[in-house]
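Input: a single structure, listed below in structure tokens.
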Amino acid sequence: MPFLTDENRRWRDIARGVAEEVVRPVAAKYDQSQEYPWEVKEGIARSGLFGVWIPKEYGGHGGGTLDLCICVEELSRACGGVGVLYAVNSLGSTPIVIGGTEEQKKRYLPRIAAGEVLVAYSLSEKFAGSDAGSLRTPAVKDGDHWVIDGEKKWTTNGGAAHLYTVFASTDPASGSRGISGFLVEKSWPGFQIKKVEDKMGIRCVPVTEVNLDRVRVPESNLLGGITGRGFKHAMMTLDRARPGVAAQAVGLAQGALDLAVVYAKRREQFGVPIASHGMVQQMLADMSAKVSAARYLVYAAAKAIDSGLPSAGRLAAEAKLFATDAAMQVTTDAVQVFGGYGYMKDYPIEKYMRDAKITQIYEGTNQVQRLVIARALVKESGALAHLDKYIPHETQRGVNDLAAAGEGAAGAPRGANRAPETR
Ligand code: CAA
């Protein structure tokens, strides 16, 4: 990777070491048992990786999004579940980094950086998935506390995490402007993990329903000390987190490609290794090109976030869309290269395909990414105003006359078919 800094490479080497020594040997075991791999979490904590995205003044390494993505990619190359087990702590704690009070940052971030406190992000509800702004869990003020009484869905790290960034409605009449963020600790009365999901992939990390039964949250745990900012904080967090999911996808695709190449070199059919067969070569070449293209886009999106570029949110969505679709294609093709062996649970290759699927779904489905990208394109299009003279501005005799006279209702074409106004 030509443009990585020495610091980027240092994190890559640390994460790669953890992936090969601590993660890969136990990936199948925890995939099967669907238990949280505490030994892996300890290995990650010992290596300092939990501090990568936390600013230095709060006990972290101040590494930024690119370093985080590189670490997620390396861990996911060995196990996609461990990739998200790690990355979700960034998703859960980024609201504190970008929107927390000074006191909240000092109280939580150093322990998150040390790997002592694990974090989860509770935004989704049963009836508020892609339409996150329609969430309904209420938080009602009661003296110097807020009382949250409701349920959240799809909380990754649920049960393992000590701290939950919960988004709830403090003013239902104001829609998404009435949503606020709360830092809720697992040990507080009324907090329960209701259902642990049985998943297709990423099986070592729990995804749960969270039940909040009149949980009393002190005012000091209202994110940023202000109501009504929760949806913005949630969206800004997702903008920063989506390259992490994309990096998980790149790691999964690279890991599957690695195994496919090793197998194709060794497996002989028709008297030669299948790597000599043109059709297998074509698959491997296409897989490699997709992985490289995805990786460069992810790194560019991460760099855009770290540099504060206005287009960073769009690039993050593009990286998530492209890399996760690529991962699904590459891991499926890797299974194909393995043939019958690929379909069996005896070998890790089928797990890459199962793990890849969720990357197209969580932290915004790829349909939502397209929505984000298209909206951003239209918003950014002000810079293209000089191209206006190169597009059609036709008028039609009769139609425009009628419209101008206010008689359009009877005869003028409507909506997209309406002739543009004369300039
Ligand atoms: N940054 C800052 N503010 C933003 C923003 C952004 N990226 N996107 C929207 N906003 C603001 C808008 O400016 C607007 O503010 P005002 O009210 O002040 O005008 C407000 O938020 C509402 O914006 P929209 O009308 O554009 O919002 P919308 O209701 O149309 O929704 C959406 C937009 C992009 C579809 C959004 O709902 C979305 O991202 N949905 C997907 C949610 C998601 O990713 N969920 C996954 C959760 S985590 C998970 O998967 C589980 C896990 O644990 C890993």
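Along the sequence shown, residues are numbered consecutively beginning with 1. Atoms within a ligand are numbered from 1 in the order they appear, just like the ligands themselves.
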> Numbering the atoms of ligand 1 from 1, which are under 4.0 Å from a heavy atom of Arg177?
Replying inline: 16 (P), 17 (O), 18 (O), 19 (O)

> Considering all protein heavy atoms, does one lie under 4.0 Å from atom 32 (C) of ligand 1?
Replying inline: no

> Would the His61 and Trp11 ring centres measure less than 6.0 Å apart?
Replying inline: yes

> Would one find an N or O of Arg375, backbone or side chain, under 3.5 Å from an N or O of ligand 1?
Replying inline: yes

>> Within ligand 1, which atoms have a heavy atom of Leu91 less than 4.0 Å away?
In response: 54 (C)

>> Show me which atoms of ligand 1 lie under 4.0 Å from any heavy atom of Leu371.
In response: 35 (C)

> Would atom 21 (O) of ligand 1 count as contacted, meaning some protein heavy atom under 4.0 Å?
Replying inline: yes

> Between the side chains of Gln329 and Asp333, is a donor N or O closer than 3.5 angstrom to an acceptor N or O?
Replying inline: no

>> Closer than 4.0 Å to some heavy atom of Tyr121 - which atoms of ligand 1 meet that?
In response: 48 (S), 53 (O)

> Taking the six-membered ring where the residue is Trp, are the ring centres of Tyr164 and Phe191 under 6.0 Å apart?
Replying inline: yes

> Under 4.0 Å from any heavy atom of Tyr362, which atoms of ligand 1 are there?
Replying inline: 50 (O)

>> Pairs of nitrogen or oxygen atoms closer than 3.5 Å, one from Gly364 and one from ligand 1: do any exist?
In response: yes

> Will you find, in the side chains of Tyr58 and Glu102, an N or O donor that is under 3.5 Å from an N or O acceptor?
Replying inline: yes

> Which atoms of ligand 1 have any heavy atom of Val372 under 4.0 Å away?
Replying inline: 34 (C)

>> Under 3.5 Å between any N/O of Thr156 and any N/O of ligand 1: does that happen in this structure?
In response: yes

>> So that I know where these two stand, are Tyr362 and Trp154 an aromatic pair - ring centroids less than 6.0 Å apart?
In response: no

> Relative to the heavy atoms of Met236, which atoms of ligand 1 are at a distance of less than 4.0 Å?
Replying inline: 1 (N), 2 (C)

> According to the interplanar angle, ranging from 0 to 90°, do the rings of Phe338 and Tyr263 count as parallel (below 30°), tilted (30 to 60°) or perpendicular (above 60°)?
Replying inline: parallel

> Can you find an N or O of Ser130 that's nearer than 3.5 Å to an N or O of ligand 1?
Replying inline: yes

>> Out of all atoms in ligand 1, which are within 4.0 Å of some heavy atom of Asp239? Include the element for each.
In response: 1 (N), 6 (C), 7 (N)

